Amino acid sequence: LFDFVVQNWVSRLTRANVPMPLARENAPAYLDGEAQPVPSQKAQADQLAYLLETAYLLDGKNRKDAKIFWRTDYILLPFDNPSLFTMPHPEKALQKAVEQLQLISGYTPQKMGFWNKLKHYVSPEGTEYGRSYALWRAAQLLNGNDDPETALKMCQYAVNELEPSYYVSKCEQMAKRITQKELSFSQLPQAFNPQQVQLPFSVRNAEGIYVRVYKTSQEELQNLYRKNYLSRTINSWDFLHQLHTNDIPLFLERTPVQTAQTEVPYEKPYRARQASVSLQPLDKGFYVVLAAWDPSFNAKETAVLGTVINLTDLALFVTSAIEDNPDKYAVSLSSKPRTYRPDVFRFYTVNLQTGQPEGKADLDIISAWNGTRQRGFTLEDGSSTLARDIAVSPVRNVNNSHFVNVLASKNGSTAYTANAVYSRFYNPDPVRLYVQTDRAIYRPGQEVHLSVNAFETLPRGLRVLPSRRVEIE
């Protein structure tokens, strides 16, 4: 019951804006002086410390494990509550916390000296559950501060030396995470130069990266997308840079057009690093890239990653704006609903090799969420436009929202928009009302004086709107 009360008090004291009891006169030395409370938070920090100190000093039947739990939380108080403490030398504070946790967990051989007994660093017999908690929290702290080697050793000590328990299993899970191999694609560009393809990766604990490249096409990728997502309408070009895991075995059965590999050296073990794999020049088009840390590419025994890359000499840019006289789109109380069809979207195609406009590129434009598409092409200057209906009306909530997803292609090169480009036009309110009272606060029974000013919206400003009936509810 005592430990339950302590836990509730700790939860209360760590919440903001709660009344703080008076702190004791003698403030504790956090981490032997390596951490100090923030002056404005000193009362809260000290009360937390005194509460945890009382909990780990109190003796009682079957409280041996609880004492280690509270002692562990006391040591980690500055790390668990960073808003309450400052640590001028974080490395020294970390070292001090780990040393103390290693002592009370039994990881460091304990000397039964007076000082360690006084500081409660010596763990009594029969406290393996509490010790496993201290080991797990210490390993967490180390792993989060770029020292996975020591964290792994402490986790392995818990697994090998202590009886199975919840926190021993947590240590075992952490050890697996520290040592497991990881491989993923880093941020891939939307387009690659066919002559210089470098694939970026994030890798950890793997000795090498192996890559296989397969030729594909827009049609095949679209068919694969339809197979995996039967109910989805194709209203974007996402399928041109995504590969479903279900399709990886399909490509593994084929002969790759190119393979590549690279070794991955590490300055320190168990840390992630960036690496890249270079490919030989390839023809323009779409390719499926599979990557693994095992040259066998056996999906049952190793992780196999897949993505789609676009090798192209073409770039596409899309802008949205109403190209028309803005006065035509102003409304007044006497305005009648009308519809215009200005150019709203403009497309530009550029040759990535020369930096010059690329004319006569074919355009495939998705312009509605139901998958409606229309064809077009760019002119000699590499530009093209698309007109949309814009309704102008004094009635509010008239929908003037349009979007496009565009794909441009020429001579085997393809470029497309990664996200939809939107255009939205909102009809301004023809009338604006400004209401004010003669004071901000009233007493019960006082009379309220209200002023209402009405203005009509004009293309070039506002005009007073006289002789209008106003209803106040």
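This chain uses plain numbering: 1 for the first residue, then up along the sequence. Note that the structure is predicted; figures quoted are calculated from it, not measured.
Considering only heavy atoms from C-beta on, L314 comes within 4.5 Å of E358 through its side chain. Within the 4.5 Å cutoff, the side chain of R271 has heavy atoms near those of the P148 side chain. For the pair D247 and N228, the minimum side-chain heavy-atom distance is below 4.5 Å. At least one side-chain heavy atom of P265 sits less than 4.5 Å from a side-chain heavy atom of R273. Taking 4.5 Å as the limit, every side-chain heavy atom of D283 sits out of range of all side-chain heavy atoms of L311. Residues L386 and V344 are not in side-chain contact: their nearest non-hydrogen atoms beyond the backbone lie 4.5 Å or more apart. Residues L162 and L135 have side chains in contact (heavy-atom distance under 4.5 Å, counting atoms from C-beta outward). Taking 4.5 Å as the limit, every side-chain heavy atom of Y434 sits out of range of all side-chain heavy atoms of V452.
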Q: Take S384 and L363 through the test side chain to side chain contact (heavy atoms under 4.5 Å, CB included) and record every step on the way to the result.
A: CA-CA 9 Å; S384 182; L363 300 177; 3.8 Å; yes

(Q) Run R131 and Y157 through side-chain hydrogen bond (donor to acceptor under 3.5 Å, both in side chains) and show every step you take. (A) CA-CA 11 Å; R131 291 168 58 197; Y157 175 86; 3.2 Å; yes

**Q.** Residues L290, F251; criterion side chain to side chain contact (heavy atoms under 4.5 Å, CB included); working and verdict
**A.** CA-CA 9 Å; L290 302 183; F251 289 94; 4.2 Å; yes

Q: Walk me through it: do Q353 and D313 pass the test side-chain hydrogen bond (donor to acceptor under 3.5 Å, both in side chains)?
A: CA-CA 6 Å; Q353 296 296 328; D313 292 334; 3.0 Å; yes

**Q.** Derivation of the side chain to side chain contact (heavy atoms under 4.5 Å, CB included) call for F286 and I309
**A.** CA-CA 6 Å; F286 291 99; I309 62 173; over 6 Å; no

Q: Evaluate side chain to side chain contact (heavy atoms under 4.5 Å, CB included) for T179 paired with L152, printing each intermediate quantity in order.
A: CA-CA 8 Å; T179 57; L152 178 62; 3.7 Å; yes

Q) Is there a salt bridge (Lys or Arg N to Asp or Glu O under 4.0 Å) between D343 and R388 once you walk through the steps? A) CA-CA 6 Å; D343 289 335; R388 299 282 88 181; over 6 Å; no

Q: Dump the intermediate steps for salt bridge (Lys or Arg N to Asp or Glu O under 4.0 Å) on E220 and K227, then the final yes or no.
A: CA-CA 11 Å; E220 181 181 33; K227 181 189 69 174; over 6 Å; no

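Put simply, the side chain of N325 gets close to the backbone of D327: a donor and an acceptor are under 3.5 Å apart. A donor-acceptor contact shorter than 3.5 Å links the side chain of N351 to the backbone of T354. Counting only distance, with no hydrogens or angles, the side chain of R226 and the backbone of I234 share no donor-acceptor pair below 3.5 Å. The backbone N or O of Q436 sits nowhere less than 3.5 Å from a side-chain atom of S451 that would complete a donor-acceptor pair. Although no hydrogens or angles enter the test, the distance criterion places no donor-acceptor pair under 3.5 Å between the side chain of R254 and the main chain of L252. One N or O on the side chain of T378 and one on the backbone of A361 form a donor-acceptor pair closer than 3.5 Å. A donor-acceptor pair under 3.5 Å is formed between the side chain of S169 and the backbone N or O of Y166. Of the possible polar contacts, one joining the Y30 side chain to the A45 backbone as a donor-acceptor pair under 3.5 Å is found. Without hydrogens or angle criteria, R212 side chain to A260 main chain gives no donor-acceptor distance under 3.5 Å. A donor-acceptor pair under 3.5 Å is absent between the side-chain atoms of R346 and the main chain of S320, judged by distance alone.
Residues meeting the side-chain hydrogen bond (donor to acceptor under 3.5 Å, both in side chains) test with Q274, sequence neighbours left out: S186. Under the side-chain hydrogen bond (donor to acceptor under 3.5 Å, both in side chains) criterion, R373 pairs with D364, sequence neighbours left out. Partners of Y416 by ring-ring contact (aromatic ring centres under 6.0 Å, His included), not counting sequence neighbours: none found. In terms of the ring-ring contact (aromatic ring centres under 6.0 Å, His included) criterion, residue partners of Y167 (sequence neighbours excluded) are, by chain and number, F69, Y129, Y133, W136.
Annotation for Y266: atom OH counts as buried by contact number, over 12 foreign heavy atoms lying within 6.0 Å.
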Side chains of residues 420-432: which donor-acceptor pairs under 3.5 Å do they make with residues two or more places apart or in other chains?
residue : atom : partner : partner atom : Å
N427    : OD1  : S393    : N            : 3.0
N427    : ND2  : A391    : O            : 3.3
D429    : OD1  : R396    : NE           : 3.1

Listing, residues 86-93 side-chain donor-acceptor contacts under 3.5 Å, not counting sequence neighbours, or none:
residue : atom : partner : partner atom : Å
T86     : OG1  : Q36     : O            : 3.4

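Of the N and O atoms on the side chains of T302 and W293, at least one donor lies less than 3.5 Å from an acceptor on the other residue. Looking at N411 and S413, their side chains never bring a donor and an acceptor atom within 3.5 Å of each other. In summary, the side chains of D324 and Y340 do not present any donor paired with an acceptor at a separation below 3.5 Å, with no hydrogens or angles considered. Defined by atom type and a distance below 3.5 Å, a donor-acceptor pair is missing between the side-chain atoms of N310 and T312. If you check the side chains of N235 and T233, you find no donor sitting under 3.5 Å from an acceptor. One side chain, Q180 or E182, offers a donor N or O that lies under 3.5 Å from an acceptor on the other.
The pair K96-E34 does not count as a salt bridge, with every side-chain nitrogen at least 4.0 angstrom from each carboxylate oxygen. For the pair K268 and D147, the salt-bridge criterion is not met [side-chain N within less than 4.0 Å of a carboxylate O].
Of all heavy-atom pairs spanning A454 and L433, the tightest one is CB-CD2, 3.6 Å.
D381 CG to T349 OG1: the interatomic distance, rounded to the nearest 0.5 Å, is 8.5 Å. The line from NE2 of H244 to CG of L224 is 10.5 Å long, rounded to the nearest 0.5 Å.
Taking the six-membered ring where the residue is Trp, F239 and Y225 present tilted rings, their angle falling between 30° and 60°.
The only option from D362, I365, L316, T414 that meets the side-chain contact (heavy atoms from CB on, under 4.5 Å) definition with L407 turns out to be T414.
Ring centers of Y214 and Y287: at least 6.0 Å apart, outside the cut-off.
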